[in-house]
Protein chains: 2
Amino acid sequence: VILYDHPASGNCMKARILLRQLELPYERVQVDLFKGETRTPEHFARNPDGRVPVLELDSGEAIAESNAILLHLAEGTQYLPTEGLTRTRVDEWMFFEQNRIEAELAYARFLHLSGRDKEMPEVYASRLERGSDALAALDRGLSDGRQFLAGPGYSVADLALYAYVHCADDAGADLGRHERIRGWLERVEAQPGFVNDLEPLPPHALSRPV
Amino acid sequence: VILYDHPASGNCMKARILLRQLELPYERVQVDLFKGETRTPEHFARNPDGRVPVLELDSGEAIAESNAILLHLAEGTQYLPTEGLTRTRVDEWMFFEQNRIEAELAYARFLHLSGRDKEMPEVYASRLERGSDALAALDRGLSDGRQFLAGPGYSVADLALYAYVHCADDAGADLGRHERIRGWLERVEAQPGFVNDLEPLPPHALSRPV
């Protein structure tokens, strides 16, 4: 399989980690979203939304959306348990991640790290406030001694949430307030094959002074 | 089953439509998000994220996240086909919906309809711009004569996307530019049991003059 990828994307890191955990060999093709390479006719044919990651199967079919890639790869493995309501719990947390963590906190992080928060302070404040509220929701979800999000063990739901929660402080949020989240992050990082290989934004992604 | 619901929520409408299409009787309990009723200890116990819809099963277990509710209810029915990559295509579009339509366009719509766009014009402009870009992505996804999003027939992916795309003009977006989307919306509305029962925002949800 081919992973269309960028090393500074947390969404892409999700796919890299699961491919490693499943010991699936893959070809890695970098598509530089910060240079507009995800928004070309060639890449739109892989993903009409013009984003990475995209996983291309041996059949030539392309799968977009990081969490859809995780669910596809994890089907039938220990990383996607199906007993009782567990699959539904995985879905719940993964939709929460795309709606409340990725859209708010990850975008706030990009604005903050790239310097664009100074160009659009109200936008940054809105994303950070809503992203911080999402962290409070995640904290509540980890109450009652819950070790992992969707069931008794680690699943792709934990992997999906890890991507942009572990670096929430980069967005300007305060993980220090969330002891339960920090404990859960450590348990996720301790999983076999789990390697956080997220790279910093490249220099050309940084905002020029306004 | 019990649906914790609000008549002006597109996310809640998704569940109402599928329950009707599946001919599943349910009890409807209104939780007024505009009066803070979703953010009480009682409702946080149902959904740590403090939102509606929540579906409570006869076992007493509660399912949050509108798209997770759709996938749970549709499992094993015609509304969630599983041949080939179809389930993965459903997942792709449903994650896209939560990340790019709900988080951007639905929030822009709320700001616009409630009058809060005048209090935070930069925030509104950001959400509308990104939501309009998501509509362009959906339009590309409907190219090549595609009738429905995830396969040859209607699925919960179409239902999920319909919720906040059909009312994109309320957000200030321009569906008039997207002939393919308008054709697809008509095909979705023509499905048996499909009733758009989305109600306007209640008066107490409207912003007071700034």
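Each chain gets a letter, A, B and so on, in the order the sequences are listed, and its residues count up from 1. Bear in mind the structure is a predicted one, so any value in this text is a computation, not a measurement.
Taking all atoms of both residues into account, the shortest heavy-atom contact from B:Pro48 to A:Gly141 is CB-N, 3.7 Å. Here the shortest heavy-atom pairing between A:Gln98 and B:Asn99 reads O-ND2, 2.8 Å. When all heavy atoms of B:Arg51 and A:Arg100 are compared, the closest pair comes out as NH1-CD, 3.5 Å.
More than 12 heavy atoms of other residues, nucleotides or ligands lie within 6.0 Å of CD in B:Gln30, so this atom counts as buried by the packing criterion. By the 6.0 Å contact criterion, CZ on A:Arg177 is open, its count of non-hydrogen atoms from other residues, nucleotides or ligands being 12 or less.
One finds no salt bridge joining B:Arg130 and A:Glu104 here, because no Lys/Arg side-chain nitrogen approaches an Asp/Glu carboxylate oxygen to under 4.0 Å. Between B:Arg46 and A:Glu92, none of the side-chain N atoms (NZ, or NE/NH1/NH2) sits under 4.0 Å from a carboxylate O, so this pair counts as no salt bridge.
Annotation: the span from A:His72 atom NE2 to B:Asp91 atom CG amounts to 10.5 Å, rounded to 0.5 Å. Atom CG of A:Leu57 sits about 6.0 Å away from atom CG of B:Leu85, to the nearest 0.5 Å. One finds the CD atom of B:Glu122 at 10.5 Å from the OG atom of A:Ser126 (value rounded to the nearest 0.5 Å). In this structure, the separation between CG on B:Asp133 and CZ on A:Arg39 is 4.5 Å, given to the nearest 0.5 Å. A:Trp93 CH2 to B:Glu65 CD: the interatomic distance, rounded to the nearest 0.5 Å, is 8.5 Å.
There is no side-chain donor-acceptor pair under 3.5 Å between B:Arg140 and A:Asn47.
Only the backbone of B:Ala62 has a heavy atom closer than 4.5 Å to any heavy atom of chain A. Neither the backbone nor the side chain of A:Ala45 comes within contact range of chain B, judged by heavy atoms closer than 4.5 Å. Proximity to chain A involves both the backbone and the side chain of B:Phe96, based on heavy atoms less than 4.5 angstrom apart. For B:Ile63, the parts lying near chain A are the backbone and the side chain together; criterion is any non-hydrogen pair under 4.5 Å.
If you tally non-hydrogen atom pairs under 4.5 Å between each of B:Gly50, B:Ala125, B:Ala103, B:Ala64 and chain A, the highest count goes to B:Ala64. Taking B:Pro121, B:Ser66, B:Ala137, B:Ala136 one by one and counting their heavy-atom pairs under 4.5 Å with chain A, the maximum is reached by B:Ala137. Heavy-atom pairs under 4.5 Å with chain A peak, among B:Glu97, B:Met120, B:Met94, at B:Met94.
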Checklist entry - When you look at B:Phe95 and A:Leu70, which way does the side-chain contact (heavy atoms from CB on, under 4.5 Å) test go after all the steps? => result CA-CA 12 Å; B:Phe95 285 119; A:Leu70 294 188; over 6 Å; no
